[in-house]
Amino acid sequence: MSDASLDIVILGLTITSSWGNGHATTYRALIRELENRGHRLLFLERDMPWYAANRDLPSPPYGTTALYDSFDTLRDEHAHAVQQADMVIVGSYVPDGIEVGDWVLETATGITAFYDIDTPVTLDHLERGECDYLAVRQIADYQLYLSFAGGRVLEILERRYHSPMARPLYCSVDTTAYRPEAPQEMSWDLGYMGTYSDDRQPPLEQLMLEAARRLPEQRFVVAGPRYPSSVNWPNNVERIEHLPPDRHSTFYNAQRFTLNITRAAMRKLGWSPSVRLFEAAACAVPVISDYWEGLDEFFTPGEEILISRNAEETMHILQNLSEEERLTIGERGRRCVMKGHTAVHRAMEVEKIVLELRAHQARESIPRPA
């Protein structure tokens, strides 16, 4: 930035535990790159028992991380930091997020922003009156809405919910952790990593499990927690309950292809790439994905990513794509990610958005001629 470095406070779901969420790896990479660019970061995390029992990075080596056990503790111990910060960011799914957001909006003197790592899900919850971490009234009060989804989502935020400024801040990949590894014998023909959700399970059944039943000679794997015992796993599908981030790259590199599945609310609104999509592609593993509007603005279908709509299309890819084509698509996907979807790119985008907001605020403060 041309301006001085920023003091940034982030109140997020978690940075210390990647168990059952995609927030931690996003925050880790973004904070590291913002710090590398000269900014000072404080991350405030509610100490929740399910993360406390599964902390794979209890003391992040970048920025400063502080745990708090209640809203009262947050208010009593960190009010000064929030008040003095150049920018305060409240993330989606923060426990007691509405109360936390009201306090931040009352306390902060710098830029206030809401960082939505789940935007289409948030909008769906807001429409149904079921969102417990963001109130409709707060969207107009946050000076900035940073969204994991772009496209028409930004229009909805600004026109329907009156956000002063909604900008995309898509997920990204940590290129120090996700990269091609030395050639090895492939463990699986197709893999998938993701926490169980009701809306992702039908496409997982359709795009992978049905293909696995029809291709008993091929090997499949699903990694992620919270899958119910009622799921009927084919015999050739291996299950891994949880993989810490330091094993993700090796996991992807052991697959011929990897599967990306998008949550229903994100497919509905489009322009919602998942962090797993960028991470797998950064490993030069060809991605087979469901389709959603806007996908072709991130990857070129057929060249940088493969699209499947049913078991037959998945089977066709697994059985008919040559090894040369497979490697070429994987490498093209990696080049695409490296050009525009790394944590370095996102840190630079944060700086650009801050400058844009400040310029807008300066224009608004200029008295109009009588």
Side-chain angles (χ1 to χ4, degrees), residues 12 15 18 21-37 62 89 91-92 115-120 146-151 153-154 166-181 192-194 245 248-249 251-253 255 257-263 266-267 269-307 328-354 356:
I15 193 173
S18 64
N21 73 89
H23 292 231
T25 52
T26 294
Y27 284 127
R28 292 170 188 178
L30 180 62
I31 286 174
R32 188 193 64 232
E33 296 306 331
L34 284 168
E35 185 178 70
N36 285 343
R37 296 181 63 80
Y62 24 76
I89 301 171
S92 52
Y115 185 19
D116 202 338
I117 294 178
D118 312 272
T119 315
L146 299 171
S147 170
F148 247 39
V153 165
L154 305 177
R167 295 293 181 269
L169 189 67
Y170 296 113
C171 57
S172 65
V173 64
D174 179 353
T175 55
T176 67
Y178 296 87
R179 56 190 178 276
E181 297 180 3
Y192 171 72
M193 179 161 54
H248 287 187
S249 184
F251 175 73
Y252 285 127
N253 277 281
Q255 304 169 37
F257 299 89
T258 197
L259 181 66
N260 174 71
I261 296 175
T262 312
R263 295 196 64 176
M266 296 179 177
R267 287 198 307 273
L269 288 174
W271 285 274
S272 301
S274 72
V275 66
R276 303 296 182 221
L277 177 58
F278 289 144
E279 289 171 352
C283 295
V285 180
V287 176
I288 301 173
S289 180
D290 53 2
Y291 180 78
W292 34 269
E293 190 178 0
L295 176 59
D296 53 0
E297 293 191 15
F298 297 91
F299 296 91
T300 303
E303 296 182 13
E304 299 169 332
I305 197 169
L306 297 160
I307 306 299
T328 298
I329 290 171
E331 182 53 38
R332 286 174 179 162
R334 171 175 166 76
R335 287 202 300 266
C336 175
V337 169
M338 298 301 288
K339 285 180 182 177
H341 303 294
T342 70
V344 175
H345 291 103
R346 299 298 178 257
M348 294 171 65
E349 286 166 14
V350 170
E351 295 175 343
K352 182 179 178 181
I353 292 167
V354 168
E356 180 188 2

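Predicted, not measured: the structure shown is a model, and the values here were computed from it. The residues of the chain are indexed from 1 along the displayed sequence.
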Scan residues 275-287 for pairs that pass salt bridge (Lys or Arg N to Asp or Glu O under 4.0 Å), counting only residues two or more places apart or in two chains. Arg276-Glu279
For residues Thr342 and His345, is any side-chain donor paired with an opposing acceptor at under 3.5 Å? yes
Starting at OH of Tyr62, measure out to CD1 of Ile15 and round the result to the nearest 0.5 Å. 5.5 Å
Kindly assign one of parallel, tilted or perpendicular to the pair Phe278 and Phe299, based on the angle between their ring planes and the thresholds 30° and 60°. tilted
Closest heavy-atom pair and its distance - Gln255, Val285: O-CG1, 3.8 Å
Output the distance between atom CH2 (Trp292) and atom CD1 (Ile307), rounded to the nearest 0.5 Å. 8.5 Å
Just so I know, are the side chains of Pro245 and Arg28 near enough to count as touching, which here means a heavy-atom distance under 4.5 Å? yes
Tell me if a side-chain donor or acceptor on Asn253 pairs with a main-chain N or O of Ala284 at a distance below 3.5 Å. no
Looking only at heavy atoms, which two atoms of Ile353 and Pro168 are closest? And how far apart? CD1-O, 4.1 Å
To the nearest 0.5 Å, what is the distance between OG (Ser92) and NE2 (His23)? 4.5 Å
Give, for atom CG of Leu306 and atom CD1 of Ile329, the distance between the pair rounded to the nearest 0.5 Å. 4.0 Å
Ignoring hydrogens and angles, tell me if any N or O in the side chain of Thr26 forms a donor-acceptor pair with the backbone of Ala24 under 3.5 Å. no
What distance separates Ile288 CD1 from Tyr192 OH, expressed to the nearest 0.5 Å? 13.5 Å
Minimum side-chain heavy-atom gap Thr119-Leu269 below 4.5 Å: no
Side chain to side chain, Tyr115 and Leu169, heavy atoms closer than 4.5 Å: yes
Tell me yes or no: between the side chains of Asn260 and Ser274, is some donor less than 3.5 Å from an acceptor? yes
Contact between Arg332 and Arg335 at the side-chain level, heavy atoms closer than 4.5 Å - yes or no? yes
Closest approach of Ala282 and Arg334, non-hydrogen atoms and distance? O-NH1, 2.6 Å
Angle between ring planes, Tyr252 versus Tyr178, binned at 30° and 60°: parallel, tilted or perpendicular? tilted
Would you please test Glu33 and Asn36 for side chain to side chain contact (heavy atoms under 4.5 Å, CB included) and show each step? CA-CA 5 Å; Glu33 296 306 331; Asn36 285 343; 3.4 Å; yes
Do the non-hydrogen side-chain atoms of Met348 and Val344 ever get within less than 4.5 Å of each other? yes
Minimum-distance pair of heavy atoms, taken over all atoms of Met266 and Ser272: CB-CB, 3.7 Å
Hey, is the main chain of Cys283 close enough, under 3.5 Å, to the side chain of Arg179 for a donor-acceptor pair? no
Taking the side chain as every heavy atom from C-beta outward, state whether Glu181 and Ser249 have any pair of such atoms under 4.5 Å apart. yes
Report yes if the distance between the aromatic ring centroids of Tyr170 and Phe298 is under 6.0 Å, otherwise no. yes
Got a second to check how far Thr262's OG1 is from Leu295's CG, nearest 0.5 Å? 7.5 Å
Residue pair Thr176 / Arg32: nearest heavy atoms and the distance that separates them: OG1-NH1, 3.7 Å
Side chains of Thr25 and Asp174: does their closest heavy-atom pair fall under 4.5 Å? no
With side chains defined as the heavy atoms from C-beta onward, is the minimum distance between Ser172 and Leu30 less than 4.5 Å? no
How far apart are the closest heavy atoms of Ile117 and Phe148, and which atoms are they? O-CD2, 3.3 Å
Passes salt bridge (charged side-chain N to carboxylate O under 4.0 Å, His left out), Glu349 versus Arg346? Steps please. CA-CA 5 Å; Glu349 286 166 14; Arg346 299 298 178 257; 3.1 Å; yes
